[in-house]
Amino acid sequence: MDSELQPLLVLGPPAVLNIFKSQYSHKYRFLNAFSSDLPLLQFLQTQNTQPSSVRAIFCNQRQLVTADIICSLPSLGIIATSTVGFDHIDTAECRRRGIQISTVGSQLAADVADMAVALLIDVIFKISAGDRFVKKLIPFKLWSFPSASKLGGKRVGIIGLGRIGGEVAKRLEAFDCIIMYHSRNKNPSVSYTFYSNVVDLASDSDVLVLCCPLTEQTKYIVNKEVMLALGKDGIIVNVGRGALIDERELVQCLMKGEIGGAGLDVFENEPNVPKELFSLDNVVLSPHAGALTLDCFMDSCEQVAKSLDAFFSS
Ligand SMILES: O=CC(=O)O
């Protein structure tokens, strides 16, 4: 019976939810507030649900879990996000209330790392640009496409050597890239060169790959100074969060040729993407799709389910 099911407030789009629903509808009553325009309390009323009966939220980065939302739910004990990043959740309010935040990991890290490498290869070898070129080709011009540079030997500065950054490093090592990194602390278990300063890392790198979480400390970690240090042939790949880069400056640097190119899976004001980037052949854009593989969805669902099980059985 419905009344025996745990209410689970869903704040995120249907893709992962639909998979989760198909597997766990015997346990949870899904309150899909993401598709509702109503304020939360009104929405819960339409679902005949008391705010105090909601102990868990299932979300992802497409909807903010604000202090207001958290405050409306007096019994909330866990926020399970099907993402690695949790910058969409008001962590200060969670700390204050002792609310647990659970995130997901390994499959997602692997897929996002693959996306980072794919974007880098695309920018370096001009694959998307070449595709556009061939499709509007006047045959005798085939050989006039600008040449690419090789990936092997490139010095890659990874910002954030956590799970995703570690996977990126592993993959790019196999391409004979030289790996360096910046993170909050030096990681004694890796031999890559550590930089405590991002500008220094950028001046010694051909490529910067952003993989760190977005926090107050990392917002705009790549600013104009960092981009100028990277230089006119430098490439930036961002699979972390858009606001890790000062996007306005990024657009300017790309348009003025102050950096060489960019592969971007994330944007500062998603779902908005700066239109100036659309006509740049040295820029490859992707719709925050690094973690959109079916394997990733399945794995995330399993991990969210485990966290919720542990929470409800404790
Ligand atoms: O963006 C995706 C994630 O943080 O998992």
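The figures that follow rest on heavy atoms only: side chains count, while hydrogens, waters and symmetry mates do not. Counting starts at 1 for both ligands and their atoms, in listed order.
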N/O of Arg241 under 3.5 Å from N/O of ligand 1, yes or no?
yes
Do ligand 1 and Ala291 have nitrogen or oxygen atoms that lie under 3.5 Å from each other?
no
Salt bridge or not for Glu173 and Lys170, using N-O below 4.0 Å?
no
In terms of side-chain geometry, is the basic nitrogen of Glu167 or Arg171 positioned less than 4.0 Å from the acidic oxygen of its partner?
yes
Can you list the atoms of ligand 1 that are under 4.0 Å from a heavy atom of [X]?
X: Thr83; result: 3 (C), 4 (O), 5 (O)
X: His288; result: 1 (O), 2 (C)
X: Leu108; result: 5 (O)

So, Ser149 and Lys154: side-chain donor and acceptor under 3.5 Å apart, yes or no?
yes
Ile159-Val156 co-clustered via ILVMFWY side chain contacts under 4.5 Å
no
Which heavy atom of the protein is the closest neighbour of atom 5 (O) of ligand 1, given with residue, atom name and distance?
Val84 N, 2.6 Å
Classify the ring geometry between Phe312 and Tyr28 as parallel (under 30°), tilted (30 to 60°) or perpendicular (over 60°).
tilted
